[in-house]
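Heavy-atom basis, side chains included; hydrogens, waters and symmetry copies ignored. It should be emphasised that the depicted structure is a prediction, and the values quoted were computed from it without experimental measurement. So that the names make sense, note that chain A is the first sequence line, chain B the second, and so on, each numbered from 1.
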Amino acid sequence: MTFPIDQAKRLPPAFYQNHTANVAQDLIGKAIAHRVRQTWVGGVIVETEAYLHSGDPASHSARGKTASNASMFDRPGVMYVYPIHAKHCLNAVTEDTGIGAAVLIRAIEPLWGLEMMCERRGLMGELRGHTERRRLTTGPAMLCQALGIDRRDDGRCFVTDPDLGFFDLGPPQKRRIVATPRIGISKAQHRKLRFIDADSKFLSRPYRD
DNA sequence: GCCAAGATAAACT
DNA sequence: GTTTATCTTGGCA
């Protein structure tokens, strides 16, 4: 399948200029894609987390701007890539320039460039069903690797970069969007700032009521 | 300069 | 469900 770039609408700057929790929720069902040498790789977002600019000790911005989190304080729509445990996580800056708010993309349903994803993830010919495809992008570090994004891509922009973006694929489908506590953090664990498409088979962990 | 911690994921039992 | 490989960052000496 080729990426329907001509039919897809790139999300405008205004999309990011809302409360971070709303942006995180609205990104469920949108597409993310990255093009390297003519090949678009990406899929549909099924899991996100909001990291707020104030009152959120779990956010990287909680202790102010440093050299490593600087792009989290850049313009809305800029990509913040952070290394962790020898891997990477990918965020989109939200709200306003200089405040330090972002949405972490945690999982996508892979749709375009599956062979490229397999190659980058070190998997061979594992495209048969969704159980195999789950090994591609069902975690923030996995999807970064599958999309070919690392710390060098920190600071690129989802709005202006011709090879990187979020896209609206058209009429929204019926989705059961659920808010849950965020994963893997030690502070502010009670806050429900993780948003999922509850019926997706591509969550980092399956949802049950 | 040293060292503990971390928005993880794979390999275990 | 639990353990562990792996390495950048930032706080402190």
Decide yes or no for [X] and [Y]: does some side-chain heavy atom of the first lie under 4.5 Å from some side-chain heavy atom of the second?
X        : Y         : value
Val23(A) : Phe15(A)  : yes
Val46(A) : Ile108(A) : no
Leu52(A) : Arg191(A) : yes

What is the separation between atom [atom1] on [X] and atom [atom2] on [N], rounded to the nearest whole Å?
X         : N      : atom1 : atom2 : value
Gln145(A) : dT6(C) : CD    : C1'   : 13 Å
Met142(A) : dT6(C) : CE    : P     : 18 Å
Ile84(A)  : dA5(C) : CD1   : P     : 18 Å
Tyr82(A)  : dT6(C) : OH    : C1'   : 14 Å

Those residues that, when tested against Gln145(A), pass side-chain hydrogen bond (donor to acceptor under 3.5 Å, both in side chains) (two or more places apart):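 With neighbours one apart ignored, the set is Arg121(A).
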Range on DNA chain B touched by chain A - first to last nucleotide, heavy-atom distance under 4.0 Å: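 So the outermost contacting nucleotides come out as dG6(B) to dA10(B).
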Side-chain donor-acceptor contact under 3.5 Å, Thr97(A) with Arg75(A):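 Absent: no donor and acceptor within the cut-off.
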Side-chain donor-acceptor contact under 3.5 Å, His34(A) with Arg156(A):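 Result is yes, a qualifying pair exists.
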Check: Tyr82(A) ring centroid to His60(A) ring centroid under 6.0 Å: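 Yes, they do, as the ring centres are separated by less than 6.0 Å.
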Watson-Crick or G-U counterpart of dT4(C), or none if no pair lies under 3.5 Å: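 Per the H-bond distance test, dA9(B).
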Touch class at under 4.0 angstrom, heavy-atom based, for Arg121(A) against every strand present: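 Contact class for Arg121(A): sugar-phosphate only.
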Sugar-phosphate, base or nothing in reach of Leu104(A), heavy atoms under 4.0 Å: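 Base contact.
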Sub-4.0 Å heavy-atom contacts from residues 60-71 of chain A onto DNA chain C, ordered by number: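 The answer is Thr66(A), Ser68(A).
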Side-chain ion pair, Asp56(A) and Arg182(A), N-O less than 4.0 Å: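 Result for this pair is yes, salt bridge flagged.
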Closest-nucleotide 5' rank along DNA chain B - winner of Gly139(A) and Ser186(A):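 In this pair, the answer is Ser186(A).
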Over 12 non-hydrogen atoms of neighbours within 6.0 angstrom of CD in Glu119(A):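 12 or below, so no.
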